[in-house]
Amino acid sequence: EDHAEGWERIALTIASFDPDVIVVHHFYAHEFGDDIAACDVPFVQAVYNGSRHPAAAFAVVISEWARAHTPGVLATDLTLWPIAQPDVIAPTHEHAIGMMKPLLDKGVGLVYDLAERMPDEQFVILRGLWQALETIRTDLPNVRFMEPVADIRDFWSQVDLALIPSLQEDAGTVPQEARANGLPCIS
């Protein structure tokens with residue numbers, strides 16, 4: 001949708017809650033930060049990558065690496081690593097190599113290369129909610145795609161090795177979850 005339609009939905013949501021503070025995901029801070037700031041409600045920006053919005057009252061940066069690479073970060077902004085919660089741990093694991101987010105910058109090309117070179121190995125790739133951005137190959141019989149899951153344990157139960165061949169990672173939540181599941185992780 002275009003900016004005006006997106007902002008209309010956000011403005012209605014803000015008006016219906018009359019919040020004291022708004023927490024904004026990094027993508028939306030860049031898209032709607034000026035509009036949100038005009039509401040006279042302070043907003044906190046969750047920073048994963050990219051720059052800190054100058055109108056944010058406060059920023060929570062997802063890692064020290066991201067903080068060091070975030071233009072505009074302030075000394076008063078907080079850095080918090082995401083924590084892998086116990087509810088991400090699957091009770092059992094099948095034999096397959098797993099990857100999340102089949103995006104080019106997440107290294108899906110390398111996973112496809114490995115699948116071609118290792119035809120006897122099974123690969124499970126968890127799709128995201130951003131299918132239009134994904135790079136999906138349907139010609140590899142040993143690659144299975146999972147649709148987005150409500151419970152991440154559904155993915156972790158399908159794999160016993162995690163691949164994270166990303167060109168860069170801001171926080172490394174996937175390797176943290178892999179380790180919480182006792183799985184080796186290659187990144």
Side-chain angles (χ1 to χ4, degrees), residues 6 10 19-37 39 41-90 93 97-111 113-114 124-130 133-135 146 148-157 159-187:
I10 293 170
D20 296 319
V21 174
I22 299 170
V23 178
V24 182
H25 184 275
H26 73 104
F27 173 80
Y28 297 106
H30 295 292
E31 179 71 19
F32 301 107
D34 292 335
D35 299 308
I36 294 169
C39 291
V41 178
F43 78 87
V44 174
Q45 178 185 357
V47 179
Y48 296 90
N49 53 39
S51 60
R52 182 192 191 280
H53 194 283
F58 188 73
V60 178
V61 185
I62 200 159
S63 70
E64 287 299 329
W65 182 92
R67 183 184 192 93
H69 293 85
T70 300
V73 73
L74 303 177
T76 55
D77 291 335
L78 186 61
T79 302
L80 289 176
W81 279 85
I83 304 298
Q85 300 296 325
D87 61 357
V88 304
I89 302 170
H93 301 281
I97 299 168
M99 182 211 182
M100 292 186 190
K101 302 178 187 173
L103 303 168
L104 292 176
D105 67 334
K106 295 292 184 185
V108 72
L110 177 65
V111 176
D113 288 346
L114 289 172
V124 177
I125 300 177
L126 179 63
R127 297 185 68 180
L129 297 175
W130 43 83
L133 302 175
E134 294 177 330
T135 304
M146 286 182 74
V149 293
D151 186 339
I152 196 64
R153 291 175 293 190
D154 293 342
F155 169 74
W156 288 119
S157 69
V159 302
D160 61 354
L161 173 71
L163 289 180
I164 297 97
S166 302
L167 301 176
Q168 69 178 29
E169 281 292 334
D170 305 316
T173 305
V174 175
Q176 289 181 50
E177 288 185 5
R179 285 300 303 137
N181 276 275
L183 304 182
C185 176
I186 301 172
S187 12

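If you're wondering where the values come from, they're calculated on a predicted model, not measured in any experiment. Computation of the quantities below employed the complete heavy-atom set of this structure, encompassing side-chain atoms and omitting hydrogens, waters and symmetry-equivalent molecules.
- Of the inter-residue distances, the one linking Leu126 atom CG with Asp154 atom CG reads 9.5 Å to the nearest 0.5 angstrom.
- Side chain of Asn181 to backbone of Ala90: a donor-acceptor contact under 3.5 angstrom is found.
- In this structure, Leu183 and Val159 have side chains that are in contact, with non-hydrogen atoms separated by less than 4.5 Å.
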**Met100 vs Ile152, side-chain contact (heavy atoms from CB on, under 4.5 Å): CA-CA, chis, key distance, verdict** = CA-CA 11 Å; Met100 292 186 190; Ile152 196 64; 3.6 Å; yes
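- Annotation: the span from Ser187 atom OG to Leu163 atom CG amounts to 9.0 Å, rounded to 0.5 Å.
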**Prompt:** Ile36 and Val24: side-chain contact (heavy atoms from CB on, under 4.5 Å), yes or no, with the steps?
**Reply:** CA-CA 9 Å; Ile36 294 169; Val24 182; 3.7 Å; yes
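- Arg52 approaches Ala59 most closely through the heavy-atom pair NE-CB, 3.5 Å.
- Using a 4.5 Å cut-off on side-chain heavy atoms (C-beta onward), Asp77 and Gln45 make no contact.
- Of the candidates Asp105, Leu110, Leu104, Leu104 is the only one forming a side-chain contact (heavy atoms from CB on, under 4.5 Å) with Val108.
- Using cut-offs of 30° and 60° for the angle between ring planes, the Tyr28 and His25 rings count as perpendicular.
- The structure places NZ of Lys101 at 14.0 Å from OG1 of Thr135, a figure rounded to the nearest 0.5 Å.
- Atom NE2 of His93 and atom CG of Asp160 lie 8.5 Å apart (nearest 0.5 Å).
- Put simply, the side chain of Phe155 reaches to within 4.5 Å of the side chain of Val124, judged on heavy atoms.
- Taking the side chain as every heavy atom from C-beta outward, Glu134 and Leu103 approach each other to under 4.5 Å.
- The closest donor-acceptor contact from the side chain of His30 to the backbone of Ser51 lies under 3.5 Å.
- Across Pro184 and Leu161, no two heavy atoms sit closer than the pair O-CD1, 3.5 Å.
- With a 6.0 Å radius and a threshold of 12 heavy atoms from other residues, nucleotides or ligands, Phe58 has its CZ atom above the threshold.
- Taking 4.5 Å as the limit, some side-chain heavy atom of Val73 sits within range of a side-chain heavy atom of Val61.
- Shown here for Ala29 and Phe43, the closest heavy-atom pair between the two residues is CB-CE1, 4.3 Å.
- To the nearest 0.5 Å, atoms CG (Leu80) and CZ (Arg67) are separated by 10.0 Å.
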**Prompt:** So Val60 and Val23, side-chain contact (heavy atoms from CB on, under 4.5 Å) or not? Walk me through it.
**Reply:** CA-CA 10 Å; Val60 178; Val23 178; over 6 Å; no
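- To the nearest 0.5 Å, atom CD of residue Glu177 and atom SG of residue Cys185 are 11.0 Å apart.
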